[in-house]
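Let me begin by presenting the structure, written as structure tokens, before commenting on it.
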Amino acid sequence: MCSLGDALERYGEEKGRAEGRAEGRAEGRAEGRAEGRAEGLAEGVRITRLKTIRAIIDNFKVSAERAMAIAGVPEEDREEYRKQLSLS
């Protein structure tokens, strides 16, 4: 036979698990939104920088390397832009 204490303990455990799952889902959604915003911002910066490089090349008739230097593209990011510039 089950005592009142056992029933209350089970109820408390179940309620605690439900609350924990709800908190975990809320935290996961918040983290996902934050990551999505950060990725979107980074992509926006890449697109803007690529447009800037293209404009410098077209308007000043300089090489892609010189345009990236003028735009302040870090050396470690330049290979990515070289690939994107050669695709279009």
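Everything numeric in this text was worked out from a predicted model, so none of it was measured. Atoms considered below: every heavy atom in the structure, side chains included; atoms not considered: hydrogens, waters and symmetry mates.
- Within the model, atoms CD of Gln84 and CZ of Arg54 stand 8.0 Å from one another, a figure rounded to the nearest 0.5 Å.
- A continuous path of Ile, Leu, Val, Met, Phe, Trp and Tyr side chains, each step under 4.5 Å between heavy atoms, connects Val73 with Leu85, placing both in one hydrophobic cluster.
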Could you please spell out the steps behind the side chain to side chain contact (heavy atoms under 4.5 Å, CB included) verdict for Met68 and Arg49? CA-CA 9 Å; Met68 286 188 277; Arg49 189 173 272 168; over 6 Å; no
Check: residues 29-40 side-chain donor-acceptor pairs under 3.5 Å, at least two apart:
none

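- The distance from the CD atom of Glu80 to the CG atom of Leu50 is 9.0 Å, given to the nearest 0.5 Å.
- Every side chain to side chain contact (heavy atoms under 4.5 Å, CB included) that Tyr11 has, sequence neighbours left out, goes to Lys15.
- Of the candidates Leu41, Val45, Ile47, Glu43 forms a side chain to side chain contact (heavy atoms under 4.5 Å, CB included) with just one, namely Ile47.
- Linking ILVMFWY side-chain heavy atoms closer than 4.5 Å, directly or via other members, places Ile57 and Tyr81 in a single hydrophobic cluster.
- Rounded to the nearest 0.5 angstrom, Glu65 CD and Ile53 CD1 are separated by 9.5 Å.
- For Arg66, the CZ atom counts as loosely surrounded, since its 6.0 Å shell holds 12 or fewer non-hydrogen atoms of other residues, nucleotides or ligands.
- Taken from CD in Glu13 to CG in Leu8, the straight-line distance is 11.5 Å, to the nearest 0.5 Å.
- With respect to Glu75 and Arg78, a salt bridge is recorded, a charged nitrogen being found less than 4.0 Å from a carboxylate O.
- In this structure, Arg17 CZ and Glu14 CD are separated by 7.0 Å, a value rounded to the nearest 0.5 Å.
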